[in-house]
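Scroll down for the structure; my scribbles are underneath it.
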Amino acid sequence: MLSVHACPLAKLGGRDSGGANVYVRELARDLGARGIEVDVFTRWREPGDPRIQSLGPNARVIHIESGPIGYLPKMQVYDRLEEFTARLEEHVASEGLRYDLIHAHYWLSADVARRLSARWHVPVIQMFHTLGLVKREVMDEDIDGESDLRIDIERAAVRTSAAVVAASEIEATELRDLYDADDARMRIIPCGVDPVVFHPIRQADAREATHRDQCERIILFVGRIEQIKGIDVLLKSLGLLFFRRPELRSEVCLLVVGGALDPGEDAPETEKILELRRLVHDNRMEDNVDFVGSRDQEQLALYYAAADLCAVPSLTESFGLVALEAMACGTPVVGTRVGGLQTVIEDGESGLLVPAGDYQALAEAIARVLVDHRLRIHLAHGARQRAEGFTWHAVGEQIVALYESVLEKVEV
Ligand code: UDP
């Protein structure tokens with residue numbers, strides 16, 4: 001498995017680490033438990049990490065040095081892919097390994113997969129997690145200046161991979177319409193959630209554990225602090241909510257989980273938090289909004305359970321694990337009608353959907369869930385039931401079936 005930028009053991013919620021890391025970790029563990037030997041190759045980012053780490057039975061992470069150990073912006077990771085590939089091959093040779101197939105995650109890995117597959121003569125299965133052309137449609141600016149190159153690499157991967165995995169019908173449509181993906185080589189396999197970590201917990205207990213007893217109503221946001229996650233839209237909608245319903249100002253807390261609060265950890269993200277704090281200040285919401293920083297998933301389960309609703313205001317989302325995790329904890333989601341969110345959340349049954357970027361609709365939907373107790377109970381129940389259908393085990397099963405069908409074709 002190639003996951004150049006997303007180490008499956010990385011601390012989550014910071015810049016460039018989120019759903020893809022979780023996906024690779026959970027899938028590798030599930031495949032390993034089935035007796036499939038999996039090595040995940042990723043760029044060495046944490047100085048304290050050993051070169052090789054176990055993920056569980058039959059599954060390992062192998063850190064490959066390319067450039068300095070530490071965070072690098074994606075384009076600088078790209079510039080060092082040749083070095084990454086060469087070091088990876090050295091490692092493979094040193095252990096005398098041979099792989100049957102390559103499963104690549106994200107566009108950076110697609111480029112390495114192309115080089116390795118040509119030398120090893122093994123098929124590639126590609127999953128993008130996000131697509132450059134989709135991101136380009138919704139973003140004001142292209143922060144990393146990566147787009148043209150990224151899109152070329154994505155197009156080449158769509159053309160040459162033995163199979164492409166899409167996380168939702170919507171992503172499959174985007175691949176078809178924007179990248180001319182061929183249906184015969186595409187599989188829609190939704191993501192999963194770990195029910196042992198994410199399950200309902202009594203709200204009072206969760207509030208005590210997270211020291212939030214003083215909040216009457218809690219709105220939760222979880223994710224990387226980036227424009228694409230719609231956090232600005234959420235803050236604007238909260239300002240509108242308080243303007244329209246001033247009585248809620250003394251009752252509602254918004255907890256923002258994710259991101260680096262300390263500039264030492266990640267300066268650009270901390271800058272984004274500073275910008276958001278100004279928005280909070282302009283709307284006189286200092287007493288209502290708390291930037292918590294990132295949390296591990298065990299703690300996150302407590303935050304989901306403590307909340308009355310989880311807001312997922314993303315501008316685009318290939319799947320949206322946060323929504324599914326909140327639902328598994330029995331917390332209704334108010335999300336945007338984009339990507340995987342609209343296939344996971346059934347509007348009015350397991351959450352509410354609003355158009356992306358529409359802060360007025362978001363404020364209205366949040367108000368409905370907060371003030372209508374019966375609706376909240378109905379959605380909480382629906383959310384839990386809906387989440388039961390999505391497990392990592394089911395993802396593993398479908399991925400194995402895909403591997404088998406791809407390998408059968410190779411052998412013929
Ligand atoms: N996450 C976490 N701690 C945080 C913030 C996020 O563990 O402080 C995890 C969260 O549980 C989820 C993932 O990061 O599994 C985010 O995935 P999602 O698909 O929602 O967004 P992505 O990062 O892929 O855009």
Side-chain angles (χ1 to χ4, degrees), residues 1-4 6-12 17-42 46 49-64 88 91-92 95-106 109 113 122-127 129 162-168 187-199 296-301 319 321-322 324-325 327-329 340 344 384 386-408 410-411:
M1 224 174 257
L2 299 175
S3 183
V4 177
C7 173
L9 293 169
K11 183 174 169 224
L12 301 169
S17 54
N21 307 61
V22 174
Y23 189 96
V24 173
R25 182 188 74 201
E26 296 299 326
L27 177 62
R29 281 188 179 148
D30 184 83
L31 297 176
R34 291 167 194 272
I36 298 174
E37 287 183 56
V38 183
D39 284 338
V40 181
F41 289 94
T42 188
E46 293 302 322
D49 282 348
R51 174 179 296 280
I52 300 180
Q53 265 174 298
S54 171
L55 276 170
N58 300 316
R60 309 185 294 174
V61 179
I62 301 172
H63 295 106
I64 298 292
L88 185 159
H91 180 89
V92 170
E95 285 201 76
L97 298 166
R98 199 192 61 80
Y99 297 101
D100 295 304
L101 63 79
I102 299 171
H103 190 158
H105 299 270
Y106 201 60
S109 304
V122 294
V124 175
I125 291 176
Q126 176 67 39
M127 182 161 180
H129 297 271
V164 175
V165 177
S168 66
R187 287 283 196 293
I188 300 169
I189 304 179
C191 302
V193 62
D194 182 348
V196 177
V197 177
F198 298 107
H199 56 87
D296 66 31
Q297 291 197 313
E298 277 68 24
Q299 283 179 299
L300 258 191
F319 185 79
L321 283 178
V322 160
L324 186 57
E325 292 162 359
M327 289 163 71
C329 294
V344 174
R384 227 165 47 217
R386 178 81 176 142
E388 278 169 14
F390 297 86
T391 63
W392 290 114
H393 192 70
V395 176
E397 210 159 87
Q398 293 172 80
I399 292 286
V400 170
L402 176 60
Y403 288 174
E404 280 168 354
S405 77
V406 164
L407 289 174
E408 256 169 39
V410 172
E411 277 152 22

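All heavy atoms count here, side chains included; hydrogens, waters and symmetry mates do not.
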Would you say the side-chain atoms of Q126 pair up with the backbone N or O of Y106, donor to acceptor, closer than 3.5 Å?
yes
Judged by atom type as modelled, is there a donor-acceptor pair below 3.5 Å linking the side chain of R386 to the main-chain atoms of V344?
yes
Regarding D100 and Y403, is there a side-chain donor-to-acceptor distance under 3.5 Å anywhere?
no
For the pair V165 and L402, evaluate side chain to side chain contact (heavy atoms under 4.5 Å, CB included) and give the outcome as yes or no after the intermediate values.
CA-CA 9 Å; V165 177; L402 176 60; 3.6 Å; yes
Option passing side-chain contact (heavy atoms from CB on, under 4.5 Å) with S3 (candidates V61, V24, N21)
V24
Are the side chain of S109 and the backbone of V4 linked by a donor-acceptor contact shorter than 3.5 Å?
yes
For a 4.5 angstrom cut-off between non-hydrogen side-chain atoms, does E388 reach M327?
no
Examine distances only and state if a side-chain atom of D30 and a backbone atom of L27 form a donor-acceptor pair shorter than 3.5 Å.
no
F198 and L300: side chain to side chain contact (heavy atoms under 4.5 Å, CB included), yes or no, with the steps?
CA-CA 8 Å; F198 298 107; L300 258 191; 4.2 Å; yes
Identify which one of L101, I125, L31 satisfies the side-chain contact (heavy atoms from CB on, under 4.5 Å) criterion when paired with M1.
L31
Looking at N58 and G32, would you say the former's side chain and the latter's main chain have a donor-acceptor pair under 3.5 Å?
yes
Kindly assign one of parallel, tilted or perpendicular to the pair H91 and F41, based on the angle between their ring planes and the thresholds 30° and 60°.
perpendicular
Using atom types as modelled and distance alone, determine if a side-chain donor or acceptor of Q398 lies under 3.5 Å from a backbone N or O of A394.
yes
Keeping the roles fixed (side chain from T391, backbone from G192), state whether a donor-acceptor pair exists under 3.5 Å.
no
Run the side chain to side chain contact (heavy atoms under 4.5 Å, CB included) test on R187 and M127 for me, step by step, so that the C-alpha distance in whole Å, both residues' side-chain angles and the decisive distance to 0.1 Å come before the verdict.
CA-CA 10 Å; R187 287 283 196 293; M127 182 161 180; over 6 Å; no
Within the distance-only criterion (no hydrogens, no angle test), does the side chain of S17 pair as donor or acceptor with the backbone N or O of K11 below 3.5 angstrom?
yes
